Amino acid sequence: MGFFTKIKKLWKGPGEAAETTPAGPARTEPTPAETAPIQEAATNDWQQDLTLALRQAEPRLSHWLALILKDVDKAGDALWQRLSFLFQALDAPVDEAQKFIQHFKKWLDDLGYQNVSEFRSELQYRLALALDLEDEEDERDRLFLKLSQGMAMTREQIARRIDGLLAAHKTMDERFWEEFEEILIVSDVGMEAAVKLMAKLKARARKAQAADPAEFKDLLRQELEDIFKAPKRIQALNPPEVVMVVGVNGVGKTTTIAKLAHRARMQGRKVLIAAGDTFRAAAIEQLEIWAERVGAGLFAKPEGSDPAAVAFEAVDKAISEGYDLLLLDTAGRLHTKVNLMEELKKIKRVLGKKHPGAPHRSVLVIDATTGQNALSQTKLFNEAVGVDEIILTKLDGTAKGGVMVAVGLQFGLPVSFVGLGEKMEDLRPFSGADFARALVD
Ligand SMILES: Nc1nc2c(ncn2[C@@H]2O[C@H](COP(=O)(O)OP(=O)(O)O)[C@@H](O)[C@H]2O)c(=O)[nH]1
Ligand SMILES: [Mg+2]
């Protein structure tokens, strides 16, 4: 299904890696028909290095990329040749490899990028998705770094205070817990969630017979991990998978849809975006641009059209044209709260009628910078449409990330992705363990 899903099978472990793979990484020379001839003598170095690196048992994307980009500082033929060589060595289908390169070239053109420093990170992101390597250790480290940088302000807010607390107390007594509760409240965890979290932590401390504040961080980390333990996901049984994206104005719904579409495209899925926010013409135009840029289809009707009709017809198109994924954008104007919720309910009903099981997921987008407001929004949307998962945007540049703990505790809803910036690559899968580690280390 994905671009190069076969690849994982090529690297089973030491010994059975390259040698057992016919026409795979063991090959040192690309066939001329598939790759343009390499002209300079020096380029043989990278071919040899790359071939050697590829023969190592573990996939190491950052290592491969470093080899590919050695002595390359701009986009151009040298880079395309090397990428082709990589794909070929990985035994990727030629047409898919070519498509990857074409898409990437177009993206560079769209954004006017030329220097490796401008696009290296996006290239690595695309390769990780295309090669299904996002779970690889290197990539996980990169993600953790990104999350922990993005959460710097939130961490500063919480961790500094916790360090002060730990230094000031010899045992975890009542006064210790009271002070900790205050820290939670000023860190945007909020009253109700703070009380819940405290009760859980105290129980955990009792069970572990822990009284020394030195043990506190471990307890807290474990508790946070538990709160965000991701439930098993049920895959959509009847494609297209329909995802309805809801949330108030300005939280990042449309941008997040573009980012989700980008991810799915890089994973080789055919994606349709439906412009269900028909309230403003600008909203439709914004989606048009994104769809074009990420290579997704778009279904839109004129400004002022009935959003439920957009949903209905978009599902039709998705089914008849064989799309794998339909992402439905919706309006989020809250000044007509009741109408909005009724409208969303109607859209949901229509989707289900048209395509049994749809929407397979209702995703609520919330903006981390809004702090405690995120809680009332979650409640409101959850009551109206039944939220399946949350995407928290703008975690970068806010000290209010603590609200995430409250959302997790109070609604028990999984957080699937976090937004760590405005770029396409800045939407990353959320891991409770990483979140806990980034918050208290
Ligand atoms: N820093 C940052 N900005 C974001 C993120 N997600 C969205 N934005 C910005 O938030 C603004 C509103 O986004 P938009 O998608 O139009 O929100 P919508 O009204 O919910 O559709 C835009 O300027 C986005 O670039 C994020 O994760 N980090
Ligand atoms: Mg929007």
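In listed order, ligands and their atoms are each counted from 1. Because the structure is predicted, anything quoted here is derived from the model rather than measured.
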Are any of the heavy atoms in Gly421 under 4.0 Å away from ligand 1?
yes
So which protein heavy atom does atom 25 (O) of ligand 1 come closest to, and at what separation?
Glu422 OE1, 2.5 Å
Could you list which atoms of ligand 1 come closer than 4.0 Å to a heavy atom of Thr255?
7 (C), 13 (O), 14 (P), 15 (O), 24 (C)
Protein heavy-atom partner closest to atom 27 (O) of ligand 1 - residue, atom, separation in Å:
Lys394 N, 3.0 Å
Between Glu303 and Phe279, is the side-chain contact (heavy atoms from CB on, under 4.5 Å) condition met? List the steps.
CA-CA 6 Å; Glu303 181 185 354; Phe279 200 57; over 6 Å; no
Closest non-hydrogen protein atom to atom 16 (O) of ligand 1, residue and atom name please, with distance?
Gln286 NE2, 3.4 Å
Strictly by modelled atom types, are His360 and Asn238 linked by a side-chain donor-acceptor pair under 3.5 Å?
yes
Pairs under 3.5 angstrom only: tabulate donor-acceptor contacts from the side chains of residues 290-300 to other protein residues two or more places apart or in another chain.
residue, atom, partner, partner atom, Å
Glu292, OE2, Lys106, NZ, 3.4

Does ligand 1 have an atom that lies less than 4.0 angstrom from a heavy atom of Asp426?
no
Below 30° counts as parallel, above 60° as perpendicular, anything between as tilted: where do the rings of Phe176 and Phe180 land?
parallel
With heavy atoms under 4.0 Å as the rule, classify the contact between Lys259 and ligand 1 as side chain, backbone, both or neither.
side chain
What protein heavy atom sits nearest atom 17 (O) of ligand 1, and how far off is it?
Gly252 N, 3.0 Å
Can you find a non-hydrogen atom of Gly250 under 4.0 Å from ligand 1?
yes
For Lys354 and Asp316, what are the C-alpha separation, side-chain angles and deciding distance, and is it a salt bridge (charged side-chain N to carboxylate O under 4.0 Å, His left out)?
CA-CA 8 Å; Lys354 184 80 201 161; Asp316 239 356; 3.0 Å; yes
Check each heavy atom of Leu420 against ligand 1 and say whether those closer than 4.0 Å belong to the side chain, the backbone, both or neither.
backbone
A cation-pi test, strictly: NZ or CZ of Arg126 under 6.0 Å from the centre of the six-membered ring of Phe104 and no more than 45 degrees from its axis. Yes or no?
no
Test item: side-chain donor near acceptor, Asp367 and Thr369, under 3.5 Å:
yes
In this structure, atom 20 (O) of ligand 1 is nearest to the protein heavy atom Lys253 N, 2.8 Å
Answer yes or no as to whether an N/O/S atom of Gln286 is found below 2.8 Å from the Mg ion (ligand 2).
no
With a cut-off of 4.0 Å, which atoms of ligand 1 are near a heavy atom of Gly419?
27 (O)
What do you reckon, does Thr393 have a nitrogen or oxygen under 3.5 Å from a nitrogen or oxygen of ligand 1?
no
Can you list the atoms of ligand 1 that are under 4.0 Å from a heavy atom of Asp396?
1 (N), 2 (C), 26 (C), 27 (O), 28 (N)
I need the minimum non-hydrogen distance between Gly421 and Asp396, along with the two atoms involved.
N-OD1, 3.4 Å
Might you work through the side-chain contact (heavy atoms from CB on, under 4.5 Å) test for Leu83 and Leu123, ending with a clear yes or no?
CA-CA 10 Å; Leu83 279 174; Leu123 179 59; 4.3 Å; yes
The reported gap from CG in Leu61 to CZ in Arg142 (rounded to nearest 0.5 angstrom) is 7.5 Å
